Structures are given as C-alpha cells and as structure tokens.
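Just below is one structure, and these are the notes that go with it.
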Number of protein chains: 2
Amino acid sequence: MCTFVDMSPKSSASLKGGTNPKISEATVSRLPAYFRALSQLADAQQIRVSSEELAALTGVSSAMLRKDLSHLGSYGTRGVGYDVEFLRYQISREMGLNHDWSVVIVGVGNLGRALAHYGGFGSRGFRVVALVDADQTLIGTKVKCGAEGKTVELLVHALSDLEEVIKETNARLGVVATPEQSAQAVCDRLVKAGIRSVLNFAPVYLTVPEGVDVRKVDLASELQILAFHEQRKAV
Amino acid sequence: MCTFVDMSPKSSASLKGGTNPKISEATVSRLPAYFRALSQLADAQQIRVSSEELAALTGVSSAMLRKDLSHLGSYGTRGVGYDVEFLRYQISREMGLNHDWSVVIVGVGNLGRALAHYGGFGSRGFRVVALVDADQTLIGTKVKCGAEGKTVELLVHALSDLEEVIKETNARLGVVATPEQSAQAVCDRLVKAGIRSVLNFAPVYLTVPEGVDVRKVDLASELQILAFHEQRKAV
DNA sequence: GACGATTTGTGCTTTTTTGCACAAATGTGT
DNA sequence: ACACATTTGTGCAAAAAAGCACAAATCGTC
C-alpha cells in the first residue's frame, strides 16, 4: 500500500538498501515496540524524535535504542534526532510490514474470537483471512473480524478443510488457539500445508521441523513469573 | 491448600529450604514451562523423568534444564533422574504457586472475557476474583469465569470502584485488558490501590514506580517478529 | 565562518546467558 | 564387593546482550 519512493530528508545518504544480513534476536524483539511508538508519534503529528524520547516511550535505555537502530542503518541525524515518519517506514520495511500478512486462526473459542476482534492487527500489517475450528456447532457460523473501522464477517471453516483454506487465502501466518490436546496435531497440519510461522497460544511446546518458527504466548506463564517476583517482595 | 510435609524420596537430603537468594531472570522465565510439563507427566502417572526427556518436552537443552534446576536445589538423583511429583512441588513452592493468587482483570472486552474464561488459570495457581470495566452497559452484568470444572459468575464492577474492589477481594495481581488509551491511567490506579504486579495486554509501555513489576503481552508484536523472520526466509 | 549546544553512532567493557565436557553419585548385575 | 552403565550437577569457555563513554556530525547563532 505504501508507495514511498523517497521520503528521506537526505535522499543521497548511504542507506543500506534491502534487508540486513544479521540483526540480533534481542533487537528484533524490540523493533515492534519502536514501530508502535513511532506510529503513535506520527498520529500525533510529531515530526522528529530523539533517542532519549523514543527510549522513554518504549522502556529501553537510549543507548540500547540507538544501537538497535544502528543495525538497520544510519537513519538519524546527529544533533537533531530521527524523522518520525522516515524511521517508522524504515522499520516497517525491515520487518516486512509494508505489505499485509495473511493470518489464519485455528480455534475459534473465546481466545480465538478475541484475537479475531483484536483491532491492533489491521493497523499493524496483518489481516485475519480465515477462521478454522473443529467444533461442528461453530462451523458455518460467521464471526466479526477486526475492530471499529472496517470489520469483516468471516465464515468459520471446518478443520478438515484447513489445507484448502490456507491455499485459497494464501495465508502465511498460523495462529494456534486450540485446546492444549489438539495443538500439536493442528500445528503439524499447518506446517504440512506450507505455514512456516506459527503463533501458539496453547500451553504446550510445539515440535516443528527445521525452518519453521514458533512463538509462544502463555498467559499462565506470565502470571507465574509475576507471582514469583511478587513472592520475593513479601520477604 | 497443599500441605506437603515430606514427599521427598530422600527426606534427610540437604534441601535448601525457603526461597533462594538469586535465580537468574532467564531461569525464572523457563520455570513455568517446566512446571507445566511436570504437571502433564504427573497427570499421566509418570513417576520419574530424566533431564533429557523434560528438556525435550519444554524445548530447551538438557544441560540448560539441569543448570536451571540446580539453582533451586539438588532435587535429582544421579543415574536415575527426577521424581516428577517432588520436582513439580519444589518448583511450585519456589514460584509461590502452593497457594492461590487473586487476580483482578480490568477491561471486560473480548480479550478480558477470554482471559476470564481461560481454564489454565485455576489449575496453575490463579483465581480471577474481580472484573472491572468503565463501560456503563457492562457494569452490573455477570460474566462466567473459569473453564469447565468449576465456573463462577462474577459481577462486573465499575471502574470507579476499583480501589474498593481490590481491597475487598485482596487481589495481588492486576491484568490490564483495556484499550491503549486508558491503560496507563488504569495502571496508575492499580498501583495506587496497592497492586505491585501487573500483566499488560494493551499495546503501550506502562510507566510504574520502582518496586512494581509489569509484564507485557503484545499479540501484534509477536506476529511482527514472526513476519520479520518469515520475510527473511523468502530471500 | 567559527563556536557552542545537541544528539547520534560506535568501540570497548561488563554482565548475562548459553553450551560443553566431565567428575561425582547412584543403581544394577554378577 | 566390584565393575559398569546411567544421569545429575557443575566448573569453565564461548557467545550474546547490555551499558558506558566519547568522538563525530549537525544545527542555530553571532
């Protein structure tokens, strides 16, 4: 959608074109936060931002922020700071968010439905294109997707049609929001159908072949980690 | 609830009693996974487990697992492995899961409701004791909490009653599931009401005073990280 | 056009985390 | 009682991440 050709304040600068050879995992995990903060600033019409300010908005140190950004390229101006729109665009390009990613959600229970409704996706480069579930009473029903703005109604497809649905919608990202028991089987089928990036909400470790990425979000784990620290405070 | 006195296979062993002085953050972040896997094994009646097996179930190397566990104490038996129930209990004790933690959820939208329904909490040391929202049309309504087994209906309280609700329910953990715009204000009030551990689902960095822990779960960020790697694969 | 105030980008150091390899401890079988 | 097969616990090395401090670059002003 974005068709930037040159929105750089210094178009002849030595920009590292294309994707960068090696960005550390720690840096990658922080890029989304930078991207979000920059989007916020852009919405608020702010033109420039310093590393100090952006760092405060994302909870990292300014030095770390600068080092992270330096891995993408030299996009700031000494004595001035960073151009909000420009930096935002560079990060989005680096992360592949300049085009939309199609997402298939497997498991349309409470969590799956909440994910489908989640407004943050659309505005951040993702589009839920398919819903799949094994529950006969859900299959064929329609579920609203996306938050205010543009909501779309999506049909819930049968789990048995998973491969076909993925092929038709060209989904690249799979979300597993099924019960623990079926998560691994669902994941196997996603992989078989060509999905190589999986976001797992089921509380199990998913085994996948090499070349497939899995990220896990475990609500209980997060609370347990908090509980651990909370317990320490009591002493 | 648990009133273990001695379930150790070697009761006279030199157990490091109480909480341990220093466990690295990386280790803490993995303990929930070990705990979950051990619970699974216990459900399946398995008595013993080797570091190799438990590591495979949680996606870490066996060496790392052993080192992690060694920070809690020497709970294994060389040549044999670990006693499933015993190790599970030791981890739960170390993490403070031998008693329930009361959780207040602020924001009863799709996500908040999904969290309330989430079955994983009850079985892992947490109990949702209060729901709070600012939406007049939701206040006073009842929401089912907990999954199959024992569900409880909870009244949605007004945001203005937040402090009172926390006091009455004695909640220690706060979950922020509000829109981005109100997250910081809600967090401030949680902290003022005495909450020192916050789980944040809103896509903003929350600023809190020292001594308060915040953990963030950002669905869009996780997908973006996946997208980043996915893009790399294409090349 | 030079000066001072900023703010980035980065070399270097310190800390944290991971990985390796093996001695120490346990159970088994003879 | 002893040799042997396991499997843990851990010292040490390597790698990754975070933090510090400052030189280099830029802007505004005189």
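Every chain is numbered from 1, with letters handed out A, B, ... down the list of sequences. Worth saying up front: this structure is predicted, and the values here are computed from it rather than measured.
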Should B:Tyr82 be listed as having a side-chain N or O under 4.0 Å from OP1 or OP2 of D:dG9?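 Affirmative; the distance criterion is met.
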
Any side-chain N or O of A:Ser50 under 4.0 Å from OP1/OP2 of C:dT7?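 A:Ser50 to C:dT7 OP1/OP2: no side-chain N or O under 4.0 Å.
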
Report, one pair per line, the protein and nucleotides 24-29 of chain D atoms (nitrogen or oxygen only) whose separation is under 3.5 Å.
from   : atom 1 : to      : atom 2 : distance (Å)
D:dA24 : O4'    : A:Arg78 : NH1    : 3.4
D:dA24 : N3     : A:Arg78 : NH1    : 2.9
D:dT26 : O4'    : A:Arg78 : O      : 3.2

For B:Val204, is there any backbone N or O sitting under 3.5 Å from a side-chain donor or acceptor partner on B:Asn200?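 Looks like yes, one N/O pair under 3.5 Å.
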
Between A:Tyr34 and A:Asp68, is any side-chain donor less than 3.5 angstrom from a side-chain acceptor?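 Result is yes, a qualifying pair exists.
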
A:Asp83 bridged to A:Arg88 by N-O distance under 4.0 Å: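 A salt bridge is absent here (no side-chain N lies under 4.0 Å from a carboxylate O).
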
List for me each residue that meets salt bridge (charged side-chain N to carboxylate O under 4.0 Å, His left out) alongside A:Lys216, sequence neighbours excluded, and say none if there are none.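 Here the qualifying residues are A:Asp218.
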
Check the pair A:Glu94 / B:Arg232 against salt bridge (Lys or Arg N to Asp or Glu O under 4.0 Å), numbers first and verdict last. CA-CA 10 Å; A:Glu94 189 72 41; B:Arg232 291 294 168 102; 3.0 Å; yes

Between B:Ala63 and A:Asp68, which residue's closest nucleotide on DNA chain D lies nearer the 5′ terminus?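 The answer here is B:Ala63.
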
Separation of [X] atom [atom1] from [N] atom [atom2], in whole Å?
{"X": "A:Leu69", "N": "C:dG9", "atom1": "CG", "atom2": "P", "value": "7 Å"}
{"X": "A:Glu52", "N": "C:dG9", "atom1": "CD", "atom2": "P", "value": "14 Å"}
{"X": "B:Leu65", "N": "C:dG19", "atom1": "CG", "atom2": "P", "value": "13 Å"}
{"X": "B:Leu87", "N": "D:dT7", "atom1": "CG", "atom2": "P", "value": "16 Å"}
{"X": "B:Lys22", "N": "C:dT15", "atom1": "NZ", "atom2": "P", "value": "14 Å"}
{"X": "B:His71", "N": "D:dT10", "atom1": "NE2", "atom2": "C1'", "value": "9 Å"}
{"X": "B:Tyr75", "N": "C:dT26", "atom1": "OH", "atom2": "P", "value": "17 Å"}

Tabulate atom names and distances for all N/O pairs under 3.5 angstrom spanning the protein and nucleotides 12-17 of chain D.
from   : atom 1 : to      : atom 2 : distance (Å)
D:dC12 : N4     : B:Lys67 : NZ     : 3.3

For A:Gln46 and A:Glu53, run side-chain hydrogen bond (donor to acceptor under 3.5 Å, both in side chains): C-alpha distance rounded to whole Å, both residues' side-chain angles, the deciding distance at 0.1 Å, then the answer. CA-CA 12 Å; A:Gln46 188 167 327; A:Glu53 187 180 1; 3.1 Å; yes

Walk me through whether A:Leu162 and A:Val106 qualify under side-chain contact (heavy atoms from CB on, under 4.5 Å). CA-CA 9 Å; A:Leu162 181 62; A:Val106 184; 4.1 Å; yes

I would like to know whether A:Ser102 and A:Arg172 meet side-chain hydrogen bond (donor to acceptor under 3.5 Å, both in side chains); could you show each step before the answer? CA-CA 6 Å; A:Ser102 302; A:Arg172 304 271 308 265; over 6 Å; no

Give me the ring orientation class for A:Tyr118 and A:Phe121: parallel if the planes are under 30° apart, tilted from 30 to 60°, perpendicular past 60°.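 If you compare the ring of A:Tyr118 with that of A:Phe121, the planes turn out perpendicular.
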
